[in-house]
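Only this structure's heavy atoms are used, side chains among them; waters, hydrogens and symmetry mates stay out.
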Amino acid sequence: MSDLRFSEDHEWLRIEGDTVVVGITDYAQQQLGDIVFIDLPEVGKEVKKGEEAAVVESVKAASEVYASISGTVTEVNESLADEPAKVNMDPENEGWFFKMKPSDPSELEELMEVSAYKDFVAGLG
């Protein structure tokens, strides 16, 4: 199993031991344009699969980031408060949003692996 998963809502999840790092994909940040603000969840917040976990505001629009799996937020990327453009520059590394401890790790199996996500995005054009 690859350590990277993707949702149809263009979030990526990187599995690091018993923690999952969450962010938006390069495709998502391109669609949003220049990101100017990110409203991150609070540490300790319980997120449920399918519910809003964060909000991203760009020069074009505000967009919700939905939890692709359920779990508890363990850390947020505080640097995005001062530098939200990190998401535009490096969405799948420095631009991560939050880390969480999954409540049901089997939910990760429902998400796409890299090749399936690339095919999914290719089908959007």
Shortest non-hydrogen contact from [X] toward [Y]:
{"X": "Ala62", "Y": "Glu57", "result": "CB-CG, 3.9 Å"}
{"X": "Ile69", "Y": "Val47", "result": "O-CG2, 4.2 Å"}
{"X": "Leu32", "Y": "Ser63", "result": "CD2-CB, 3.7 Å"}
{"X": "Val20", "Y": "Pro102", "result": "CG2-CG, 3.5 Å"}
{"X": "Trp96", "Y": "Leu80", "result": "O-CD1, 3.2 Å"}
{"X": "Val121", "Y": "Tyr27", "result": "CG1-CD1, 3.5 Å"}

Report summary line: Hits for salt bridge (Lys or Arg N to Asp or Glu O under 4.0 Å) against Asp18, two or more places apart or cross-chain, chain-then-number order -> Lys101
Query raised in the report: Do Glu46 and Lys48 sit within salt-bridge range, that is, some charged N less than 4.0 Å from a carboxylate O?
Result: no
**Report entry** Carboxylate-amine/guanidinium proximity below 4.0 Å for Arg5 and Glu109
**Finding:** no
What distance do [X] atom [atom1] and [Y] atom [atom2] have between them, rounded to the nearest 0.5 Å?
{"X": "Met112", "Y": "Leu4", "atom1": "CE", "atom2": "CG", "answer": "11.5 Å"}
{"X": "Glu8", "Y": "Leu111", "atom1": "CD", "atom2": "CG", "answer": "9.5 Å"}
{"X": "Met100", "Y": "Thr74", "atom1": "CE", "atom2": "OG1", "answer": "8.5 Å"}

Within-4.5 Å side-chain heavy-atom neighbours: [X] and [Y]:
{"X": "Val55", "Y": "Ile38", "answer": "no"}
{"X": "Val56", "Y": "Val87", "answer": "no"}
{"X": "Ile24", "Y": "Phe97", "answer": "yes"}
{"X": "Val21", "Y": "Phe98", "answer": "no"}
{"X": "Arg14", "Y": "Glu16", "answer": "yes"}
{"X": "Leu13", "Y": "Phe6", "answer": "no"}

Requested in this report: State whether a side-chain donor-acceptor pair under 3.5 Å links Ser7 with Glu11.
Outcome: yes
Query raised in the report: Could you walk me through whether Asp26 and Trp12 pass the side-chain contact (heavy atoms from CB on, under 4.5 Å) check?
Result: CA-CA 9 Å; Asp26 187 51; Trp12 59 263; over 6 Å; no
Report task. Start with the C-alpha gap between Lys49 and Glu51, add the side-chain angles, then the distance that decides, and say whether salt bridge (Lys or Arg N to Asp or Glu O under 4.0 Å) holds. Result -> CA-CA 6 Å; Lys49 180 180 173 183; Glu51 291 183 356; over 6 Å; no
Query raised in the report: Hey, quick one: are Val65 and Val36 part of the same hydrophobic cluster, counting side-chain heavy atoms closer than 4.5 Å, chains of contacts allowed?
Result: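 No, because Val65 and Val36 fall into different hydrophobic clusters, even though each may have its own neighbours under 4.5 Å.
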**Report entry** Donor-acceptor contact below 3.5 Å, side chain Asn88 vs main chain Ile35
**Finding:**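 It does hold such a pair.
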Report task. For Asn77 and Glu94, indicate whether the former's side chain and the latter's backbone hold a donor-acceptor pair under 3.5 Å. Result -> yes
Query raised in the report: Are the ring centres of Tyr66 and His10 closer than 6.0 Å?
Result: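 No, the ring centres sit 6.0 Å or more apart.
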